[in-house]
Amino acid sequence: MVDLNYLSIDAAHDMLVSGKVTAEDLVKFHLDKIKKLNPKVRSVITIDEKSAIDKAKAVDTKISEGKQIGLLEGIPYTAKEMFMAKGTKTTAASKILEDFIAPYSATAIRKLDEAGAILIAKVNQDEFAHGGSTENSAYHPTHNPWDLDRVPGGSSGGSAAAVAADMGIFSLGTDTGGSIRQPAAFCGVTGFKPSYGAVSRYGVISMASSFDCIGPISRSAKDTEIVFDAISGLDPRDSTSVDYKLDKPKEQLKAIYYEVGNEVDSLINNQNFNHLEVASTKPIKELGVTEESLAAYYILVPSEISSNLERYDGVRYGARTQNSSNLNETYTKTRGEFFGPEVKRRNLLGAYTLSAGYYDAYYKKAMQLRTMIKNRVNEVLDEYDVILVPTTIEPAFKIGSKADPVEMYKTDVLTVFANLAGVPSISIPFGFDESSGLPLGLQIIGKQGDDKKILEIAKTIQDATDYHKKVGEIKL
Ligand code: GLN
């Protein structure tokens, strides 16, 4: 009996081509994992069993006819509830979209479809991606496979937990302020936020449109690159999408590492990576943008949220209140009944910061700060090829331990600046927290458009270390 646990995309592909496993068995193996492990991890919202098995059978027919198959053909994956996949439920983990069936597929999902990858399930998240722990889901929290009492991070917590528990080989997430990278770090897997615009946002529910990025969560930088290559590129349906010239780097590269006071600091100092020299180490204060970024982010993002979420009014999309006697009441009561507390908080905050009397004091000022942050990040990236910095200060926290929203917001302190600046950042597993034994993540951040460069560096680091392999030792 072949071992199908924790396969990479390459390994699964080789097994399919050599006939060691059929695509149907590979898909069923992962569906079985969902059935067995999901009651503990609670990552999955909807399973698409029948359509997944049908697609797998089609791949098997192709193989049996001696036809060549692509690298992603027959590879089972999951996607966050933000992604529309035609005919499947797409809830954004909100009650307001509880029965919403996607009428078309997101570009990223369509491209994966065309590449033959098989969507087996849609997974949990914070409601509308507002949060950092997946506790804001209107359905249920998700648990971290390393320690079920802890959060998997968020907002793409369902994706990271599914990948860490081997419920699918990779997942798609969204990252507005860290929602791919932070859960990847908390779950000991690899999460990539590409440059703004590198992956089309078409068909993905909007949070804050000038920040939102789409990317893969997987178990290695190599798998990440395969998925990124499949989903990236210009899309006429998303006018903010960009065809970056995605050249791989050749020469010796120079990095600056910013210390934050966790175990990653000392591990970086003892490492030597091929082609990558850590030329300078400085305290995080000297980057000079982290506190400022949090302040700007939590003004600008709620502002964009309050505008994007206006469409959920009980008329155009989703649920509608049963207790109204006029149109105005339909709007207000629908939103009052079906939005969760964090979504309401952000809508109120955003409506306030965009209002006539406060626009200049808050929104405009935060926009100016955004420009300064962008300039500062680019100034560092003019001197160094990449910035290295841990993804979070602490490992995954206990479920329920950050009830104060501001405490939750503070956990984004190391991730939001990349979104403000629009630059690509990948989080790779890098060491473990001494007291809890839980995984920690390291971000590799490059200039806008340097996506291939940072993927290459991530692969180099993963060739020299084995932190990313530890996820395979999880016992559930
Ligand atoms: N935790 C951040 C927030 O709550 C990031 C969310 C995200 O990237 N979607 O806004």
Side-chain angles (χ1 to χ4, degrees), residues 79-83 92-94 123-137 141-142 151-160 171-187 191-194 196 199 201 204-217 290 293-306 308-309 339-350 353 366 370 391-394 396-397 402-427 441 443 445:
K80 188 177 184 177
E81 277 289 88
M82 296 292 259
F83 287 82
S94 179
V123 290
N124 203 15
Q125 57 168 86
D126 288 299
E127 182 177 2
F128 283 104
H130 305 170
S133 68
T134 315
E135 292 165 295
N136 292 341
S137 165
T142 294
V151 303
S155 63
S156 314
S159 292
S171 190
L172 287 182
T174 64
D175 189 312
T176 302
S179 280
I180 286 176
R181 291 160 288 154
Q182 183 254 33
F186 280 6
C187 292
F192 180 38
K193 179 202 97 67
Y196 179 76
V199 179
R201 293 181 292 112
V204 182
I205 291 174
S206 299
M207 177 176 167
S209 305
S210 78
F211 292 75
D212 297 346
C213 290
I214 283 145
I217 296 184
T290 46
S293 292
L294 265 190
Y297 177 91
Y298 277 102
I299 297 293
L300 296 175
V301 166
S303 302
E304 293 192 24
I305 286 172
S306 77
N308 270 333
L309 269 59
F339 276 155
E342 182 61 25
V343 175
K344 283 182 188 154
R345 184 177 297 118
R346 292 188 190 211
N347 271 290
L348 289 172
L349 190 62
T353 50
R370 183 176 194 176
T391 312
T392 58
I393 293 182
E394 292 168 340
F397 45 88
K402 294 205 193 283
D404 174 355
V406 176
E407 287 307 307
M408 190 74 83
Y409 300 166
K410 284 188 195 159
T411 64
D412 303 327
V413 66
L414 302 175
T415 50
V416 291
F417 74 87
N419 302 74
L420 284 154
V423 296
S425 170
I426 188 166
S427 172
Q443 289 183 90
I445 300 168

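For the numbers below, each heavy atom of this structure counts, side chains included, while hydrogens, waters and symmetry mates do not. All figures in this text were calculated on a predicted structure; none of them were measured in a lab. Numbering of ligands and ligand atoms starts at 1, following listing order.
Remark: the N419 side chain and the R370 side chain contain no N/O donor-acceptor pair separated by less than 3.5 Å. Using a 3.5 Å distance cut-off with no hydrogens or angles, the side chains of E127 and S94 do pair a donor with an acceptor. T174 and S179 share no side-chain donor-acceptor pair at under 3.5 Å. A side-chain N or O of S209 and one of N308 form a donor-acceptor pair less than 3.5 Å apart. Of the N and O atoms on the side chains of S159 and S171, at least one donor lies less than 3.5 Å from an acceptor on the other residue. Counting only N and O atoms by type, the side chains of E304 and S210 include a donor and acceptor under 3.5 Å apart. Side chains of S137 and N124: a donor on one and an acceptor on the other come within 3.5 Å.
Residue contacts with ligand 1: G154 is placed with no nitrogen or oxygen under 3.5 Å of a nitrogen or oxygen of the ligand (distance criterion only). Taking distance alone, with nitrogen or oxygen atoms compared against 3.5 Å, Y298 approaches ligand 1 more closely than that limit. In terms of polar-atom proximity, Y297 is counted as a contact of ligand 1, with an N or O under 3.5 Å from an N or O of the ligand. Below 3.5 Å of separation, one finds an N or O of T176 facing an N or O of ligand 1. Backbone and side-chain nitrogen or oxygen atoms of V301 are examined, and none is located within less than 3.5 angstrom of a nitrogen or oxygen of ligand 1.
Within the 4.0 Å heavy-atom cutoff, F211 does not count among the residues contacting ligand 1.
Neither the backbone nor the side chain of E342 has any atom closer than 4.0 Å to an atom of ligand 1 (non-hydrogen atoms only). Under 4.0 Å from ligand 1, the heavy atoms of M207 that appear belong solely to its side chain.
Which parts of ligand 1 touch G178 is read off a 4.0 Å heavy-atom cut-off, strictly below it: atoms 8 (O). The atoms of ligand 1 that sit less than 4.0 Å from any heavy atom of G177 are 5 (C), 7 (C), 8 (O).
The closest protein non-hydrogen atom to atom 2 (C) of ligand 1 is D412 OD2, 3.1 Å. Ranking protein heavy atoms by distance to atom 4 (O) of ligand 1, first place goes to R346 NH2, 2.7 Å.
Ring-plane geometry between Y409 and Y298 is classed as parallel, the angle between the planes falling under 30 degrees on a 0 to 90 degree scale with a further cut at 60.
Between S179, C213, S155, it is S179 that holds the heavy atom closest to atom 7 (C) of ligand 1.
Listed by chain and residue number, K80 satisfy the side-chain hydrogen bond (donor to acceptor under 3.5 Å, both in side chains) test with S156 (two or more places apart in sequence, or in another chain).
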